[in-house]
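As structure tokens, the structure follows; a few thoughts come after it.
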Number of protein chains: 2
Amino acid sequence: MIYNYESEDKVLLAVDCIIFGFDAEELKILLIKRDFEPEKGKWSLMGGFLKNHEALDDAANRILLHLTGINNVYMEQLYSFSKIDRDPGQRTLSVAYYALIKIEDHNEELNQQYAAEWFSVSEAPSLIFDHNIMVSRAINRLRYRASTEPIGFELLPKKFTMRQLQKLYEAILDEKLDKRNFINKINGLDILIKLDEKDKSSSRKGSFLYMFDEEKYSNKLEQGFSFKL
Amino acid sequence: MIYNYESEDKVLLAVDCIIFGFDAEELKILLIKRDFEPEKGKWSLMGGFLKNHEALDDAANRILLHLTGINNVYMEQLYSFSKIDRDPGQRTLSVAYYALIKIEDHNEELNQQYAAEWFSVSEAPSLIFDHNIMVSRAINRLRYRASTEPIGFELLPKKFTMRQLQKLYEAILDEKLDKRNFINKINGLDILIKLDEKDKSSSRKGSFLYMFDEEKYSNKLEQGFSFKL
DNA sequence: AATAATAAGTGTCAAAAATACATTTCCAAA
DNA sequence: TTTGGAAATGTATTTTTGACACTTATTATT
């Protein structure tokens, strides 16, 4: 007996992306104003529908690229949302993804070509459907992931200062950290390259720039090292 | 303008359940032999298809109930799998859930009414499709969850000994734990009720039985307590 | 009644990790 | 040369984790 797949229901599957950025010491999300009904004119996550011939990861990347021009960034599947009436227009499920992007690298295109806008996580407007729930789930996941894997760097410029890194973690974890303890911990991990360059934008003395040493990190990983912050 | 939902593809959405149990000091999963093509006769997770009128959580519960007679147990959504050809019969996505059940409470019905069989996680057969990947992801999730929330008790009888609890955590974490340190840690959490009863099945002295004190736990939760093992 | 067998139950010390905390240094601008 | 301001730096204390071995309670056996 072959299973009769035809007798089963098929569903519309949306993919929605929570896009995180970091700027001015704040964790931000990228939102768009929805330009069609239902809920036209309201703020929304970036979304689209899964096509028959693509995997979810691919759909998430396609949607991100299409709505922001951004490609090739860190993304992770978050959760699938399925409340019957979550979309008042039509029965739709949604698989949420979150992405981490370096705001500086993408600022211009976003503002000009796309109707997208950054909001500080704490001041974001209320969103359509269950998107607020998605965002808060994404923040939780980001908190966990950022304290067990070195993904914070995805939100910073390639070269960054210790202060930036600390402010980033403070924003993600939503708590103040002690500067000396933070630096000691980071240095203890031994996965950064300290450059000879300094960033002089914030002080006369200038502060040294660092880069994440991906190669060193993956070597250490193989030797049983585990990132913990 | 109203969005034209009709032009979007719809997909078949399966729900597969990884069902964990604990017995004889081992972490186990419940599998069934598939009785239809494709892959008829091979071992598989419990699965079914999402219906148009139900949410994923409800589908997972329905499928669990239908295939095992089990109801009302701990379940958590795990991940959505979408590789194009994951099911050779038909393009299908699958949302995986895992469940924790108390084997003792359900043993008879499972063996008699249903063609389900328990396998130790380490000795389970190779499964159809991407089910092996689902299982290993579920184990990871279970490890994390069990060390940050008191869900281990879902796998034990209502009354259990310290030794059982320790063996359970050893099985979940896949590492030996020190008896004294473990007991000290558990007692430090102060979320168990020590009963006057003893279990005499494993020694002449007998060992005290404990119960999880749900009420105490949720009170402590509200006061900022967080379970950590 | 004494003994033997077996798992249950119990505490301390040392090492490591986390936390709290204040001063000096460097550089450019005035 | 002085000054302002952020960057850089180390130590002492507390807390947590990890290692480790003997006594107790009970019943079955003699």
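Chain letters run A, B, ... following the sequence lines, proteins first, then strands; residues in each count from 1.
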Inset, instruction - Classify the ring geometry between B:F20 and B:Y98 as parallel (under 30°), tilted (30 to 60°) or perpendicular (over 60°). - result: perpendicular
Inset, instruction - Measure up the A:Y210 and A:F160 rings against each other and bin them: parallel (under 30°), tilted (30 to 60°), perpendicular (over 60°). - result: parallel
Could you tell me how far apart [X] ([atom1]) and [N] ([atom2]) are, to the nearest whole angstrom?
X	N	atom1	atom2	value
B:F182	C:dG11	CZ	C1'	18 Å
B:E197	C:dA8	CD	P	17 Å
B:N184	D:dT15	CG	C1'	15 Å
B:R204	D:dT24	CZ	P	19 Å
A:R163	D:dA8	CZ	P	11 Å

Inset, instruction - Look at the side-chain N and O atoms of B:K179 and state whether any lies under 4.0 Å from the OP1 or OP2 oxygen of C:dA8. - result: no
Inset, instruction - Check whether any side-chain N or O of B:S202 sits under 4.0 Å from OP1 or OP2 of C:dA8, and answer yes or no. - result: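 Result: yes.
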Inset, instruction - In plain terms, say whether A:R163 and A:E25 are close enough for a salt bridge, that is, a side-chain N and a carboxylate O under 4.0 Å apart. - result: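 The answer is yes: the pair qualifies as a salt bridge.
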Legend entry - Polar side-chain contact A:K185-C:dA18 base: donor and acceptor under 3.5 Å: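 No.
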Inset, instruction - Measure distances between side-chain N and O atoms of B:K205 and base N and O atoms of C:dT6, and say whether any donor-acceptor pair falls under 3.5 Å. - result: no
With the side chain of [X] defined as its heavy atoms from C-beta on, choose the nearest nucleotide among [options].
X	options	answer
A:K198	C:dC26, C:dC21, C:dG9	C:dC26
A:K194	D:dG10, C:dA4, D:dT9	D:dT9
A:N181	D:dT26, C:dC27, D:dG10	D:dG10
A:R180	D:dA6, C:dA8, D:dT9	D:dT9

Inset, instruction - With rounding to the nearest 0.5 Å, note down the distance linking NZ in B:K194 to CG in B:D196. - result: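 Reported to 0.5 Å precision, the distance equals 9.5 Å.
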Inset, instruction - Supply the atom-to-atom distance A:M162 CE to A:S207 OG, rounded to the nearest 0.5 angstrom. - result: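 That separation rounds to 10.0 Å.
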Inset, instruction - Please figure out whether B:S203 or A:F208 has its closest DNA chain D nucleotide nearer the 5' end. - result: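 Nearest nucleotide further toward 5': that of A:F208.
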